[in-house]
Amino acid sequence: MNIIWGVILTLLSSIAYFGQVLSAFWPKTAAKLGLTEPEAQVDPTFYADMRGEAFWDTAILWTLPVAGVLLILNSPLWAYFGLVGGGMYLYFAGRGILARRVMHSHGIQIGSPETLRVAYIFLTLWGLAAVITIVMAIAALL
């Protein structure tokens, strides 16, 4: 079970991490791939917030893919990376969902309905993966 979850965790969290790397350093490429909206199609404040978040996420979101790899390798260190990374991804998912909902309710242009739907789906998946990983890590440490 640990190897299966390790593979799922590594793949799912790597999508978020490398998506944020692209968004931070190559935003036009990220937009072409559909990871973000083009700058011209969203409110400038939302775009600036997304870019700032992408730079910060590039610095911190590596922890959950590492937890997944360590879990695959059966290293006991995975649980520590899982706790830290899980907390970061839970925050990332919650902030992403709530910030978009509040901005949208205030009439701020944050993207097309299709892009928002995909964002909400992935943010929910990352949040669920974070919770599952946190619970598994706590159980492993007890």
**OP:** Give the minimum heavy-atom separation between Ala79 and Ala137, together with the two atoms involved.
**Re:** O-CB, 3.4 Å

**OP:** First locate atom CH2 of Trp126, then atom CG of Leu90, and finally report the distance between them rounded to the nearest 0.5 Å.
**Re:** 14.0 Å

Original post:
Given the rule that I, L, V, M, F, W and Y join up when any side-chain heavy atoms are under 4.5 Å apart, are Leu11 and Val69 in one cluster?
Top reply: no

**OP:** Report the C-alpha separation of Gln109 and His104 in whole Å, then their side-chain angles, then the decisive distance to 0.1 Å, and conclude whether the side chain to side chain contact (heavy atoms under 4.5 Å, CB included) test is met.
**Re:** CA-CA 7 Å; Gln109 180 59 32; His104 182 73; over 6 Å; no

Original post:
Any chain of hydrophobic side-chain contacts (each under 4.5 Å) joining Leu83 to Tyr91?
Top reply: no

Original post:
Say you draw a straight line from CD1 of Ile134 to CD1 of Ile132; how long is it, rounded to the nearest 0.5 Å?
Top reply: 10.5 Å

Original post:
Are Phe25 and Trp56 connected in the hydrophobic side-chain network, where two residues link if heavy atoms are under 4.5 Å apart?
Top reply: yes

Original post:
Relative to each other, are the rings of Tyr89 and Phe92 parallel, tilted or perpendicular (30° and 60° limits)?
Top reply: perpendicular

Original post:
Does the pair Arg95 and Asp49 meet the rule for a salt bridge (charged side-chain N to carboxylate O under 4.0 Å, His left out), with working shown?
Top reply: CA-CA 12 Å; Arg95 183 198 184 281; Asp49 182 62; 2.8 Å; yes

Subject >> Co-membership, hydrophobic cluster, residues Trp26 and Ile15, 4.5 Å side-chain >> reply: yes

Original post:
Out of curiosity, Asn2 CG to Leu73 CG, how far, rounded to the nearest 0.5 Å?
Top reply: 12.0 Å

Original post:
Are side-chain heavy atoms of Leu61 and Met88 found at a separation under 4.5 Å?
Top reply: yes

Subject >> N-O pairing of Glu39 and Lys28 below 4.0 Å >> reply: no

Subject >> Heavy-atom check, side chain of Asp43 versus side chain of Met103, under 4.5 Å >> reply: no

Subject >> side chain to side chain contact (heavy atoms under 4.5 Å, CB included) between Trp62 and Phe18, worked out >> reply: CA-CA 9 Å; Trp62 59 270; Phe18 290 110; over 6 Å; no

Original post:
What are the two closest heavy atoms between Thr58 and Ala24, and how far apart are they?
Top reply: OG1-CB, 3.8 Å

Subject >> Main-chain N/O of Ile110 paired with Arg100 side-chain donor or acceptor, under 3.5 Å >> reply: no

Original post:
If you draw a 6.0 Å radius around CD1 in Ile3, do more than 12 non-hydrogen atoms from other residues or ligands fall strictly inside?
Top reply: no

Subject >> Any Ser23 side-chain heavy atom under 4.5 Å of Arg51 side chain >> reply: no

Original post:
Which is it for Trp78 and Met136 under the side chain to side chain contact (heavy atoms under 4.5 Å, CB included) test, yes or no, and what are the steps along the way?
Top reply: CA-CA 10 Å; Trp78 86 265; Met136 287 178 65; 3.7 Å; yes

Original post:
Are more than 12 heavy atoms from other residues, nucleotides or ligands located less than 6.0 Å from atom OH of Tyr80?
Top reply: no

Original post:
In terms of heavy-atom contacts, does CZ of Phe55 have more than 12 from other residues, nucleotides or ligands at under 6.0 Å?
Top reply: yes

**OP:** Indicate whether the side chain of Glu37 and that of Thr115 have a donor and an acceptor atom separated by less than 3.5 Å.
**Re:** yes

Original post:
Which heavy atom of Pro65 sits nearest a heavy atom of Ser14, and at what distance?
Top reply: CB-OG, 3.7 Å

Original post:
What's the spacing between Thr10 OG1 and Tyr17 OH if we round to 0.5 Å?
Top reply: 14.0 Å

Original post:
What distance do Leu9 atom CG and Thr133 atom OG1 have between them, rounded to the nearest 0.5 Å?
Top reply: 4.0 Å

**OP:** Check the hydrophobic clustering (I, L, V, M, F, W, Y; side-chain heavy atoms under 4.5 Å; chains of links allowed) and say if Ile138 and Phe81 are grouped together.
**Re:** yes

**OP:** Measure the OG1-CG distance between Thr29 and Leu22 for me, rounded to the nearest 0.5 Å.
**Re:** 6.5 Å

